[in-house]
Structure formats: C-alpha cells, structure tokens
Amino acid sequence: MSNEFILGLTCENVRKLSPYESARRLYSGGQYWLNANESPYANDYAISSEKLNRYPDCQPGALLTAYADYSDVKPEQVLVSRGADEGIELLIRAFCHPGRDSIAICPPTYGMYAISAETFNVGVTVAPLNSSFELDFEALTTLAEQTQPPKLVFLCSPNNPTGTAIPPEQIERCLSLFANKSLVVLDEAYIEFDWAARWSGRLEQYENLVILRTLSKAFALAGIRCGFTLACNAIIKTLLKVIAPYPIPDPVAQIALQALSSNGIKTMRQQVNNIQQQQKVLKETLASLSELKPVGSEHANFLMFRAQKREALMQYLVSQGMLIRDQSKQLQLQDCLRITVGSDAENAELIHLIQQFYQQETRV
Ligand SMILES: *Cc1c(COP(=O)(O)O)cnc(C)c1O
C-alpha cells in the first residue's frame with residue numbers, strides 16, 4: 001500500500017501537523033506525573049447505570065445549573081463541553097473562516113489555541129508577553145487596528161506555563177480595545193487557585209467576553225474530560241450550532257454534578273489549600289538550590305524554574321520515572337522547566353532527585 005495516496009488526499013494544513021505529544025504518550029513507563037498540572041487527589045464518585053441505554057442530553061440541564069450557580073452566572077450563559085479544549089475548538093470553528101481569519105495569542109502561553117487553529121487552517125498572530133510576562137498593548141493595538149482584526153484573542157490568566165495573572169485593569173483594557181471587533185477569550189483553567197480574580201461576575205458588562213473553565217485541574221477530574229464556556233447567550237447559541245449532538249457522556253455528567261455539589265466544592269477548596277501550602281514548601285526548597293532560578297509566579301498549581309544543565313536534568317528525571325514539563329521551546333523560556341505541585345510523596349521524590357542530580361554533576 002502506498003502512503004503517497006493517503007498523503008495526497010490529506011488536507012494541506014493537516015499534512016504539516018504531527019499528533020499531540022503528551023508525556024503520557026512518550027514516556028508510558030513513568031511513575032511520577034508532575035508534567036500536566038493534574039491534581040494529586042483522586043476522589044470517589046458513585047455512578048448509576050440506569051440511563052446508559054439512552055443517548056444523553058446534549059447539554060444536561062442540571063449540570064448547566066450547577067455550574068452556573070458555582071460561577072454566579074445564568075444557565076443560558078453556560079456551555080458544557082469535552083474539556084475546555086473542546087471549547088477552544090468550538091470557538092474557532094464557529095467564528096473563524098478557514099484560510100481567511102486568524103486568532104491572536106500572547107506567548108508564552110497554553111499551546112492548544114495555536115494547535116486548534118492550525119488544524120482548521122485558521123491563522124495565528126502573536127502579541128508576545130513582555131519580559132515581565134505582561135500584555136504588550138502596543139502589539140495588541142496593532143492587531144486591533146488591522147483591517148481584518150483577529151476574530152478571537154486568547155488571554156490565559158492565571159497563565160500556563162508562567163503562573164502569572166493578568167491584572168484586571170489590563171483585561172478591561174483589552175476588552176475595550178477589541179470591543180465590536182473580536183471576542184476576548186479569557187482562559188480561567190486555573191482560576192480556583194486565584195478565585196478572587198475570576199471574571200464570571202462581569203459577563204453582563206462585556207458582550208465580547210468569553211471565559212473558559214475546566215474540571216481538569218482544581219476539581220481533580222482530568223480523566224472525565226469536562227469543561228465549560230461562559231459567555232452571553234448569543235455566543236452560547238452560536239457554539240451550540242457546531243457542537244456534537246451528544247458530547248457529554250452520562251457518567252461524565254453524573255460525576256461532574258457530584259463534584260459541583262456543596263460537598264464537592266468544599267473538598268475541592270480544601271485540596272486547593274493543601275496544594276498551595278505544598279507549593280510554598282516546594283518553591284522554597286527548590287529555589288534554595290543555586291542551579292535553579294524561579295521564573296514567573298504562583299497563581300496556579302505549578303512552579304517554573306530556569307535550570308542549569310536543563311537537558312541533562314530532564315534526562316535524569318525521566319530515567320528515574322519522574323516527569324515534569326520542559327518549556328524551553330517557548331518564547332522567553334529558555335531552559336525553563338514547569339513542575340506541577342503533586343502529592344507530598346511526589347514532591348519529596350522530586351526534591352530528592354533534583355538534589356541528587358546536581359550533587360553528581362558537581363562531583364564530576
Ligand atoms: C489544562 C488546560 C486546559 C484544558 O483543559 P481541559 O478541560 O482538560 O481540556 C485549558 N487551558 C489551559 C490554560 C490549561 O492549562
């Protein structure tokens with residue numbers, strides 16, 4: 001059989017892509033997973049099989065209401081999807097013409113905005129963060145004043161991988177800059193770690209504001225793939241035109257509802273507190289090593305360091321079954337490693353391995 005034939009049929013923009021390389025795919029042998037900003041907690045849930053013979057609701061009503069209550073918005077301002085990643089994809093599919101429109105991103109930031117755009121042959125323009133990881137309004141203004149401004153402007157706060165938060169006055173300035181031009185998509189995947197900074201209370205004020213949320217991080221449910229888009233009802237209605245008929249499996253809705261119950265939210269808040277305490281300890285211990293220099297800030301559940309002998313350190317950690325995330329290919333993040341705050345045992349093992357690596361290095 002010839003691959004030439006398949007390659008010839010494949011869309012030109014898809015030909016250039018390669019499959020998403022998660023650490024899970026690359027290093028299936030690892031035992032310590034501090035690479036994907038998952039929660040170290042695995043909470044228990046009960047599942048009923050009563051309705052598994054039926055297709056689920058496209059948008060389970062009880063789940064919309066529960067998330068709306070949690071976020072202080074109206075159910076008609078909520079869309080539930082297969083993770084926040086699907087929210088990103090739906091926004092691009094609903095608002096961007098392939099081959100014509102573009103999105104804007106502010107790197108260093110989350111990779112899926114650009115990856116999703118590329119799969120739909122939608123352009124990606126950049127307004128990089130400045131050296132303090134703040135929005136660059138000169139670059140954003142240039143984008144806003146183009147004859148064809150980007151359809152979507154992705155902001156991430158707290159930002160992955162820098163852990164920095166965008167000050168509210170800068171988000172406001174961005175919303176005004178792109179008013180009547182572009183949707184400003186504020187990715188709040190880590191907002192539970194910086195809850196006072198949430199923007200959900202201000203949806204009524206800004207027609208062009210879209211907020212992305214997920215149960216994958218603070219709620220410790222990356223395994224069920226459940227995310228939310230918050231926006232005015234006109235935007236939600238538009239997204240409903242492109243979403244699949246049954247995107248939320250019934251067991252996912254059942255688990256999500258339990259996570260969003262008052263008990264579930266209480267558990268989440270305690271776990272967030274614990275993670276934040278461990279984060280302080282982990283940061284102090286690692287920052288005391290002269291070979292590691294903290295970069296960015298701690299508004300989410302991870303840390304970032306610029307590391308001496310970054311490549312060798314990564315290789316050593318992988319050889320010991322410890323996975324963290326190399327961010328050194330991102331703008332301004334040369335030699336930077338992102339470390340998810342894990343369980344006490346995982347954090348202790350990480351500290352031990354890093355100390356051991358640098359001790360060996362100085363001996364030879
Ligand atoms: C993890 C993450 C997401 C993806 O969330 P899912 O709901 O698991 O798809 C979105 N945005 C950012 C910034 C993330 O770090």
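Both counts, for ligands and for their atoms, begin at 1 and track the order of listing.
For ligand 1, the polar-atom distance check against A189 finds no nitrogen or oxygen pair separated by under 3.5 Å. Ligand 1 has no N or O atom lying under 3.5 Å from any N or O atom of R213, backbone or side chain. Any N or O atom pair closer than 3.5 Å counts here, and R82 shares no such pair with ligand 1. Of the polar atoms of N37, none of the N or O atoms is found under 3.5 Å from an N or O of ligand 1, judged by distance alone.
Under the side chain to side chain contact (heavy atoms under 4.5 Å, CB included) test applied with R338, the options D326, N37, L34 reduce to a single match, N37.
Proximity annotation for atom 7 (O) of ligand 1: of T214, L221, N160, T214 comes nearest, heavy atoms only.
Side-chain atoms of E346 never come within 3.5 Å of backbone atoms of G342 as a donor-acceptor pair (strictly under, hydrogens ignored). Proximity of a side-chain donor or acceptor of S261 to a complementary backbone N or O of L257 within less than 3.5 Å is not detected.
The shortest heavy-atom distance from C156 to ligand 1 is under 4.0 Å. In this structure, E86 falls outside the shell of residues with a heavy atom less than 4.0 angstrom from ligand 1.
Taking the centre of each ring, F228 and Y70 stay at or above the 6.0 Å mark. Ring pair F302/Y190: centre-to-centre distance below 6.0 Å.
When heavy-atom distances to ligand 1 are checked against a 4.0 Å cut-off, M112 has no atom that comes that close, whether in backbone or side chain. In K217, the part holding a heavy atom less than 4.0 Å from any atom of ligand 1 is the side chain.
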May I have the step-by-step check of side chain to side chain donor-acceptor pair (under 3.5 Å) for Q276 and E298, ending in yes or no? CA-CA 9 Å; Q276 286 173 327; E298 289 80 46; over 6 Å; no

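For ligand 1, the atoms sitting less than 4.0 Å from at least one non-hydrogen atom of S216 are 6 (P), 7 (O), 8 (O), numbered in the order shown with element in parentheses. Within ligand 1, counting atoms from 1 as listed, the ones closer than 4.0 Å to a heavy atom of G83 are 6 (P), 7 (O), 9 (O).
Nearest protein heavy-atom neighbour of atom 10 (C) of ligand 1: Y110 CE2, 3.4 Å. Among protein heavy atoms, atom 15 (O) of ligand 1 sits closest to Y190 OH, 2.6 Å. At the top of the distance list for atom 12 (C) of ligand 1, counting protein heavy atoms only, stands D187 OD2, 3.4 Å.
Of the charged side-chain nitrogens involved, at least one lies within less than 4.0 Å of a carboxylate oxygen, so that K151 and D101 count as a salt-bridged pair. Using a cutoff of 4.0 Å between basic side-chain nitrogens and carboxylate oxygens, E145 and K181 are not scored as salt-bridged. Classification of E291 and K309 as a salt-bridged pair fails, no side-chain N sitting under 4.0 Å from a carboxylate O.
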